[in-house]
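Encoded as C-alpha cells, the structure appears first; notes follow it.
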Amino acid sequence: MPLNEERISAIVKEVVKQLTASRHIPDIVAGDNGIFDDVDSAVKAAAAAQKELAAMSIAQRETIVGAIRGAGESNAQYFARRSVDETALGKYEHKVQKNINASRLSPGTEELVQTVQNGDHGITITRRAPYGVIVSITPTTHPTPMIINHAIIMLAGGNTVFFCPHPRAQMISREAIQILNQAIIAAGGPANCLVAVKEATLDAVNAASSHPLVDMVTAAGGPGVVKAALSSGKKAIAAGAANPPVVVDETADIAKAARDIVESAWFDNNILCIGEKTVFAVDTIAETLLQHMQKHGAHLLTDDEARRVTELIVRDDHIVGEWVGKDASLILQEVGITPGEGMVGAVMVVPYEHPLVKIEQMLPILPLVKTTDFAQGLQLAYGTEQGFRHTAVIHSQNVERISLFAKTMQTTIVVVNGPAFASLGIDGDAKFGHTIASPTGEGICTTATFTRQQNVTMAGGLTFA
Ligand code: NAD
C-alpha cells in the first residue's frame with residue numbers, strides 16, 4: 001500500500017490509540033477549552049493530549065507553536081488590560097510589550113537538536129524527548145507572558161501543561177489558557193494541551209503536583225513556592241526570588257549607565273525579578289550618575305522625602321503590599337511630593353543599612369549607595385544579592401573588574417554595560433525566557449530545558465569510522 005497522507009494519518013491515529021491505552025488514561029472529561037472543575041479530570045485530559053502531541057511531527061508541533069505566537073500577539077493589548085485590572089500591578093504599555101516579547105522571542109522546536117555518536121561499533125542518536133505533563137506554577141507579576149512563554153517552550157518540547165496561576169491573577173490566566181487552546185485546536189493540535197481548574201487554590205497546586213500522571217513541576221515565585229516545588233517528589237525546576245544589584249564604577253560610560261538603569265529598573269514598575277533593585281555607585285561618579293538619571297525621568301528624593309517614602313512603603317522589613325507595582329507618581333503624591341513632568345521613578349541616596357537595600361522592592365523607588373571604590377561596591381553588592389544567585393549588573397570598562405564581578409557574584413545572570421533585560425534577548429544577544437531557575441540551576445529556561453535525553457543506539461551496522 002503506498003504511504004500517502006491518508007495512510008500516514010491512519011497510522012498516527014492507531015499509534016496514538018495504542019500509546020494512550022498503554023498508560024490506562026481514562027476517557028477525557030470535556031472541560032471548557034481546558035478549564036476543568038477538578039484537578040484529576042484536568043490532569044487526565046492533559047495526559048491524553050500529550051500522547052497525541054508527542055505522536056505528531058516536529059513540523060506539526062511548530063505549526064501549533066506558531067498559532068500560540070499569533071494568539072499571544074493578537075491578544076497582547078487585551079491580556080495587558082485585563083492583567084492590570086485584576087492584579088493592580090505594573091504598567092499597561094509595558095505589559096503589552098511583555099506579551100509581544102513572549103509571543104515573538106520564546107524559542108520553539110529549533111532547540112530540539114539531535115546529536116550523533118558514531119564509531120567502530122555502531123551509532124547512537126541522542127534525541128530530545130518530552131517529559132509528559134508539566135505543572136507550571138505562575139506568579140502575579142507576569143500572568144499572561146509566562147503562560148504564553150511556557151505554552152510555546154513546553155509544547156515545542158512535546159509536553160502539555162497544567163497551569164496553577166496565582167489566585168490574584170486567575171481570571172485572566174484562565175481566559176488566556178482558553179484563547180491559546182482555541183488557537184492550538186484551530187492549527188490542528190489536540191484539545192486540552194493547556195489545562196487549569198476553575199478555582200486557583202493551594203490545595204489545587206498540591207493535588208496537581210503530586211498527581212501520578214504529572215511528570216514535572218516548574219514554579220516561579222517567592223520562597224514558599226520554591227519549597228513546595230522541591231518537595232513535590234517530582235522532577236522540579238524552581239525559579240525563585242531575587243534582589244539584583246547594579247555596580248557602577250568610575251571607568252563606566254556614566255550617561256549610558258544612567259539611561260540603562262532607569263529604563264530597566266522601572267520597566268513595568270520594577271516587578272520583573274531581573275530588574276535592578278539597588279545601585280552601588282563609586283563616590284567620584286555618583287553625583288554625575290544621579291544627574292543623568294534625572295535627565296531620563298528620575299526624581300531625586302531629598303533626605304526628608306526619602307524618609308517619608310520609606311515610612312509609607314516599608315513596614316517590618318517588608319514592602320507594604322498595596323504599593324507593590326504601583327506608579328511612582330502615586331507613591332510620591334501619597335506623601336505630599338508633586339512629581340515633575342515625565343517622572344518614571346524616584347531614587348534615594350541611602351546608607352547600606354537602609355531597609356530597601358536588602359528588600360526585593362517591586363516598585364519604582366531605587367536606593368543608591370555610594371561606595372569608596374569598586375572593591376567596596378562589589379562586596380556590598382554581594383551582600384545585597386543574599387545568595388539568591390539570580391541577577392547582577394555591572395557598568396565598567398575594566399575587564400579585570402568585570403571578570404572578578406562575575407566570578408564573585410555567582411549569579412545565574414550577569415549583565416555588563418547594559419540594562420538587566422538585555423539578559424533576556426532584549427537589547428542583548430541572549431535566549432528569551434520568563435523562568436530564571438537559580439535554585440535548581442537550569443538558568444534561563446527554554447524548550448530544551450523541558451526535554452529529556454533519549455539515546456537510540458544501533459549496535460553495528462552503520463559504522464562510518
Ligand atoms: P508568590 O510566591 O506569592 O506566588 C507565586 C506562585 O506560587 C503563585 O501561583 C502562588 O499561588 C504560588 N504559591 C505561593 N506559595 C505557595 C506554596 N506554599 N505552595 C504552593 N504554591 C504556592 O510570588 P509573586 O508575588 O506572585 O511573584 C513575585 C516573586 O516571584 C518575586 O520574588 C520574584 O522575584 C519571583 N519571580 C521569579 C522569577 C524567576 O524566573 N526566578 C520569575 C517571576 C517571578
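Just so you know, residue 1 is the first one in the sequence shown, and it goes up from there. Remember, it's 1-based here, ligands and their atoms both numbered in the order they're listed.
For His390, there are no side-chain hydrogen bond (donor to acceptor under 3.5 Å, both in side chains) partners at least two apart in sequence or on another chain. Considering only residues two or more places apart in sequence or on other chains, Ala54 meets the side chain to side chain contact (heavy atoms under 4.5 Å, CB included) condition with Gln50, Pro130.
Of the possible polar contacts, none joining the Gln170 side chain to the Ser173 backbone as a donor-acceptor pair under 3.5 Å is found.
Within 6.0 Å of OH in Tyr352 there are more than 12 heavy atoms belonging to other residues, nucleotides or ligands.
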Would you tabulate the side-chain donor-acceptor contacts of residues 320-330 under 3.5 Å, counting partners in other chains and residues two or more places apart, or write 'none'?
{"unit_1": "Lys326", "atom_1": "NZ", "unit_2": "Ala88", "atom_2": "O", "d": "3.0"}
{"unit_1": "Lys326", "atom_1": "NZ", "unit_2": "Glu322", "atom_2": "O", "d": "3.1"}
{"unit_1": "Asp327", "atom_1": "OD1", "unit_2": "Lys91", "atom_2": "NZ", "d": "3.1"}
{"unit_1": "Asp327", "atom_1": "OD1", "unit_2": "Asn269", "atom_2": "ND2", "d": "2.7"}

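With rounding to the nearest 0.5 Å, the separation of CD in Glu276 from CZ in Phe421 is 8.0 Å.
Within 4.0 Å of ligand 1, protein heavy atoms belong to Ile137, Thr138, Pro139, Thr140, Thr141, His142, Cys164, Pro165, His166, Pro167, Leu202, Val205, Ala220, Gly221, Gly222, Gly224, Val225, Ala228, Ala239, Gly240, Ala241, Ala242, Cys273, Glu360, Met362, His390, His434, Thr435, Ile436, listed by chain and number.
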